[in-house]
Amino acid sequence: MMRNSLLGFTALIWRKHHPLLLWLLLGFLAPWFVFLKVAQELWEDKGFPIDQLILDVVHAHHSAGQDAVAQTLAQVGGPLWMPGLEAIVLVGLLWAGFRRAALFILLSTGGAALLNLFVKFMLARARPDVVWAGVTLDSYSFPSGHAMAAAALGLTVAILLWPTRARWLAVVLGTAWMLLMGWSRVYLGVHFPSDVLAGWVGSIGWVVGVHMLFTRSADEAQNLWGDARIYWAGKQP
């Protein structure tokens with residue numbers, strides 16, 4: 001009897017709140033689970049043996065053309081060009097009167113950058129020790145700031161453009177930008193693949209969380225909590 005009641009309640013909750021549940025599970029909880037799991041492994045000094053394998057495989061197929069592309073991406077996605085690009089988008093939104101969208105951009109990209117710095121100093125992971133590294137950096141490795149910034153900007157712009165006809169173009173370009181930036185960091189030997197993965201999922205979890213605060217999701221979450229309390233109080237239909 002109780003099992004049937006629970007199944008019925010689960011079906012009711014899914015029917016009423018499935019958009020919110022998908023956002024929570026796939027856009028927020030799953031990315032943060034992966035991020036924290038990777039961080040935990042590094043905190044316990046376990047690491048990932050596959051990291052070095054992927055680094056070696058990527059470098060084994062190097063070429064002069066790829067070197068040039070990776071170096072260019074390193075510059076464009078770095079601490080000089082990327083904030084400038086984000087500032088242009090921010091100023092453009094403010095100029096057009098989209099203050100709420102501008103605040104969303106600021107909190108999404110700025111918050112992801114601050115989170116990146118915080119975790120870097122918390123874990124203090126050293127950069128890959130490879131002789132062929134295309135760039136020499138003294139800062140910490142985890143998570144990749146380039147990958148995190150690219151994912152944050154790409155996802156933020158895609159969310160802002162989702163109600164328009166440009167939604168899929170924004171998704172394709174944002175995904176390509178994120179993947180290329182991640183590849184370049186591994187190709188240059190300045191980040192482990194796990195650094196890049198953590199940068200991607202960390203930004204996804206952060207941006208989706210900020211987005212949910214800017215929409216009706218907060219009210220819907222309150223309604224979801226109310227429905228759950230009704231069930232656990234034994235007042236379900």
Side-chain angles (χ1 to χ4, degrees), residues 21-62 66 70 73-74 77-79 82 107-156 158 174-212:
L21 290 172
L22 286 174
W23 271 108
L24 281 172
L25 294 175
L26 301 181
F28 186 75
L29 295 178
W32 280 121
F33 174 81
V34 174
F35 183 90
L36 293 174
K37 182 60 178 176
V38 175
Q40 179 190 11
E41 294 294 318
L42 297 178
W43 183 266
E44 296 173 353
D45 293 326
K46 294 180 180 179
F48 301 93
I50 197 173
D51 269 342
Q52 188 62 48
L53 175 62
I54 296 175
L55 279 168
D56 294 338
V57 169
V58 171
H59 178 67
H61 298 86
H62 72 96
Q66 292 184 86
L73 287 170
M82 182 60 77
L107 293 178
S108 294
T109 59
L114 292 176
L115 175 64
N116 178 268
L117 292 175
F118 175 75
V119 178
K120 277 183 185 294
F121 284 102
M122 282 290 293
L123 294 181
R125 187 186 198 185
R127 299 273 179 175
D129 184 15
V130 291
V131 296
W132 45 265
V135 180
T136 301
L137 298 172
D138 297 326
S139 56
Y140 296 126
S141 187
F142 181 90
S144 167
H146 282 65
M148 204 160 187
L153 182 60
L155 181 55
T156 300
T175 301
W177 173 248
M178 179 185 78
L179 293 175
L180 279 172
M181 194 61 67
W183 162 81
S184 72
R185 306 315 285 164
V186 174
Y187 180 85
L188 292 173
V190 294
H191 278 294
F192 295 101
S194 54
D195 299 333
V196 171
L197 174 63
W200 286 341
V201 297
S203 274
I204 291 172
W206 175 264
V207 174
V208 169
V210 174
H211 169 66
M212 292 178 69

Heavy-atom donor-acceptor pair, [X] side chain to [Y] backbone, under 3.5 Å:
{"X": "Ser203", "Y": "Trp200", "answer": "no"}
{"X": "Asn116", "Y": "Met148", "answer": "no"}
{"X": "His61", "Y": "Val57", "answer": "yes"}
{"X": "His191", "Y": "Ser141", "answer": "yes"}
{"X": "Trp206", "Y": "Leu107", "answer": "yes"}

Close side-chain approach of [X] to [Y], heavy-atom, < 4.5 Å:
{"X": "Pro193", "Y": "Gln52", "result": "no"}
{"X": "Leu36", "Y": "Gln40", "result": "no"}
{"X": "Pro143", "Y": "Lys120", "result": "yes"}
{"X": "Leu55", "Y": "Pro128", "result": "yes"}
{"X": "Phe142", "Y": "Val38", "result": "yes"}
{"X": "Leu73", "Y": "Trp183", "result": "yes"}
{"X": "Tyr187", "Y": "His59", "result": "no"}
{"X": "Met82", "Y": "Leu153", "result": "yes"}

Straight-line distance of [X] [atom1] to [Y] [atom2], nearest 0.5 Å:
{"X": "Leu197", "Y": "Ser144", "atom1": "CG", "atom2": "OG", "value": "11.0 Å"}
{"X": "Ile54", "Y": "Ile50", "atom1": "CD1", "atom2": "CD1", "value": "4.5 Å"}
{"X": "His146", "Y": "Leu180", "atom1": "NE2", "atom2": "CG", "value": "13.0 Å"}
{"X": "Phe28", "Y": "Ile204", "atom1": "CZ", "atom2": "CD1", "value": "13.0 Å"}
{"X": "Met122", "Y": "Phe118", "atom1": "CE", "atom2": "CZ", "value": "4.5 Å"}

Check the pair Asp195 / Arg185 against salt bridge (Lys or Arg N to Asp or Glu O under 4.0 Å), numbers first and verdict last. CA-CA 9 Å; Asp195 299 333; Arg185 306 315 285 164; over 6 Å; no
CG (Leu117) with more than 12 external heavy atoms under 6.0 Å: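 Count over threshold, so yes.
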Yes or no on side chain to side chain contact (heavy atoms under 4.5 Å, CB included) for Trp43 and Leu123, after CA distance, side-chain angles and deciding distance? CA-CA 6 Å; Trp43 183 266; Leu123 294 181; 3.1 Å; yes
So, Phe48 versus Phe192, ring centres under 6.0 angstrom or not?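 No; Phe192 has its ring centre 6.0 Å or more from that of Phe48.
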So which heavy atom on [X] is nearest to which on [Y], and how close?
{"X": "Arg127", "Y": "Ser139", "answer": "NH2-OG, 2.6 Å"}
{"X": "Ser108", "Y": "Thr156", "answer": "CB-OG1, 3.3 Å"}
{"X": "Ser194", "Y": "Asp51", "answer": "OG-OD2, 2.7 Å"}

